[in-house]
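Model, not experiment: these values are computed from the prediction. Values below: every heavy atom of this structure, side chains too, minus hydrogens, waters and symmetry copies.
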Amino acid sequence: MVKILESVRVVELGTYITGPAAGMHLADLGADVIKVERPGTGDPFRAFKGGLYSPHYQTYNRNKRSIALDTRQPADLAVLHDLVATADVFIQNFRPGVADKLGAGEDDLRKHRPDLIYCAISGFGTSGPSRDRPTYDTVAQAASGYLRLLTPPTDPRVIGPAIADAVTGQYAAMGILAALLERAQTGKGRRLDISMLEAMCHFNLDSFTHYYSAGEVMGPLSRPVVSQSYTFECADGKWVAIHLSSPAKFWEGMLAATGMEQLSQDPRFAERMERIRHQDDLIAILTPVFRQRTRDAWCDLLEANEVPHSPAYDSDEALEDPQAQHLRIKTSVPSAELGTFTTVRAPYNFDGTPDTEVRPPPVLDEHGAEIRAELARRKAG
């Protein structure tokens, strides 16, 4: 399989999600990502649900190698520095100043690799009044204005996955790739600072654009109302999602699929702008209609009428869909820890070929001896 970054080595001193996610994206593209972890306990995400191989840890650490180093010990710090001397990229996601205390600050590492791409991920940036505040996913979502777009207007509570963590890791990987491209032309390294606040504000760009150009403060229903998006429960308790967007043919197709053509004569729904204004009324009318058939039956009718839709799958269904199976999105490999490690492959298809080769996340210090031997050979050679 194509490994675009197979000549790139990354040293990741990352914990939880943002740093490990950035490393995972590079590893998925073929980079040799070496995860440096604390001896005995490793990345705290390893034990998030007990043990040292939690699903949380597995999610962001496939395709990597692991070495355990205690950088407070001079011998282990020397190993880290020797390792950085062989690396192209270094990733850390500590609060500002912590990496320096661990002997992994930019100035320390650049002595060993002057052209290093040094990526520092933080919560609120490297300066300013919030610089030292502890930050996790929910905090960054809230500070960027994104949390309000997901939170139910009544009985508010945090819902959904760790979007801010994952998004920040992806932006970090993108910035690292840009810096590597520049270094190939100039021979010079870069320091990349990226905060969760900045990443999530950029991810929330649509909301800010609406505010600054139209004075609209978006809420959780702003986008689905305008895009005419719906989710309905079916007779079997399963859900179907529909996205009509703006073409009239999709609205007409849904009316034909549901047998509700008379709604086209209702002044509340005759025009798209009226449907936007009266979406709650339309939902109230269609909710009992969709409860009359199973999800599969509705999908057949919606497909026959070319309505953009999908079953609203849970995770135990999505990868069993015929299209997902055709694209080979799910991939499984043998794992000494789990027996079989099953995951979602990277979405890239270079030259028409998906990369389905995945290595299981490493156990703690799984490659420690191997990596130390590599460094010893390099010194001897």
Side-chain angles (χ1 to χ4, degrees), residues 11-25 35-38 41-49 54 56-57 59-61 71-72 89-109 117-152 156-176 179 190-208 211-212 217-220:
V11 174
E12 173 205 303
L13 193 64
T15 60
Y16 294 107
I17 298 180
T18 54
M24 181 198 71
H25 288 302
K35 185 177 182 69
V36 178
E37 304 186 71
R38 183 183 306 169
T41 57
D43 183 337
F45 233 26
R46 283 185 177 272
F48 211 63
K49 281 195 171 181
S54 74
H56 300 80
Y57 163 77
T59 300
Y60 299 102
N61 289 285
T71 59
R72 296 170 299 181
V89 178
F90 179 82
I91 300 171
Q92 56 96 344
N93 64 323
F94 300 109
R95 275 192 268 180
V98 172
D100 298 272
K101 296 177 182 177
L102 298 175
E106 181 190 7
D107 292 342
D108 290 324
L109 300 191
I117 308 299
Y118 187 98
C119 176
I121 303 171
S122 63
F124 284 100
T126 59
S127 62
S130 296
R131 185 191 100 134
D132 295 319
R133 286 172 56 189
T135 314
Y136 287 94
D137 179 85
T138 303
V139 177
Q141 285 195 44
S144 66
Y146 193 77
L147 185 69
R148 292 297 298 269
L149 300 180
L150 299 181
T151 305
R157 62 177 299 171
V158 177
I159 60 175
I163 294 173
D165 284 329
V167 163
T168 303
Q170 194 156 20
Y171 276 120
M174 190 186 314
I176 289 168
R190 284 278 186 183
R191 178 187 175 102
L192 169 64
D193 284 296
I194 182 166
S195 72
M196 296 174 70
L197 176 60
E198 290 165 297
M200 279 306 294
C201 284
H202 189 274
F203 188 70
N204 196 23
L205 184 59
D206 184 51
S207 177
F208 293 117
Y211 174 68
Y212 289 113
V217 176
M218 297 181 73

- Using the six-membered ring wherever Trp is involved, compare the ring planes of Tyr16 and Phe45 and label them parallel, tilted or perpendicular (cut-offs 30° and 60°).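 Rings of Tyr16 and Phe45: perpendicular, over 60°.
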
So do [Y] and [X] actually touch side chain to side chain, heavy atoms under 4.5 Å?
X: Arg38; Y: Thr41; value: yes
X: Lys35; Y: Leu13; value: no
X: Arg46; Y: Ser54; value: no
X: Pro134; Y: Arg95; value: yes
X: Pro220; Y: Thr151; value: no
X: Ile17; Y: Asp137; value: no
X: Thr18; Y: Met196; value: yes

Under the side chain to side chain donor-acceptor pair (under 3.5 Å) test, which residues partner [X], sequence neighbours left out?
X: Asp165; result: none
X: Asp206; result: His210
X: Thr168; result: none
X: Tyr60; result: none

Smallest separation among heavy atoms of [X] and [Y], with atom names:
X: Leu192; Y: Ala172; result: CD2-O, 3.6 Å
X: Gln141; Y: Ile163; result: NE2-N, 3.8 Å
X: Ala164; Y: Ala140; result: CB-CB, 3.8 Å
X: Pro20; Y: Asn93; result: CD-ND2, 4.3 Å
X: Gly23; Y: Glu12; result: CA-OE1, 3.8 Å

- Task: Could you go through the side-chain contact (heavy atoms from CB on, under 4.5 Å) check for Val36 and Val11 one step at a time?
- Result: CA-CA 7 Å; Val36 178; Val11 174; 3.8 Å; yes

- Partner set under side chain to side chain contact (heavy atoms under 4.5 Å, CB included) for Arg131, not counting sequence neighbours: Pro96

- Task: Report yes or no: is the cationic atom of Arg191 (NZ for Lys, CZ for Arg) under 6.0 Å from the centre of the six-membered ring of Tyr118, at an angle within 45° of the ring normal?
- Result: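 That pair does not qualify as a cation-pi contact.
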
- Query: Listed by chain and number, what are the ring pair (Phe, Tyr, Trp, His ring centres under 6.0 Å) partners of Phe124, not counting sequence neighbours?
  - Reply: none

- Message: Centroid separation under 6.0 Å, is that true for the rings of Phe208 and Tyr211?
- Response: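 They do not qualify: ring centres at least 6.0 Å apart.
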
- Query: Can you tell me how far OG1 of Thr135 sits from CD1 of Ile121, rounded to the nearest 0.5 angstrom?
  - Reply: 12.5 Å

- Query: Do any N or O atoms from the side chain of Ser130 and from the backbone of Arg133 form a donor-acceptor pair under 3.5 angstrom?
  - Reply: no

- Task: Just do the ring-ring contact (aromatic ring centres under 6.0 Å, His included) check on Phe203 and Tyr146 with the steps written out, would you?
- Result: CA-CA 9 Å; Phe203 188 70; Tyr146 193 77; 5.5 Å; yes

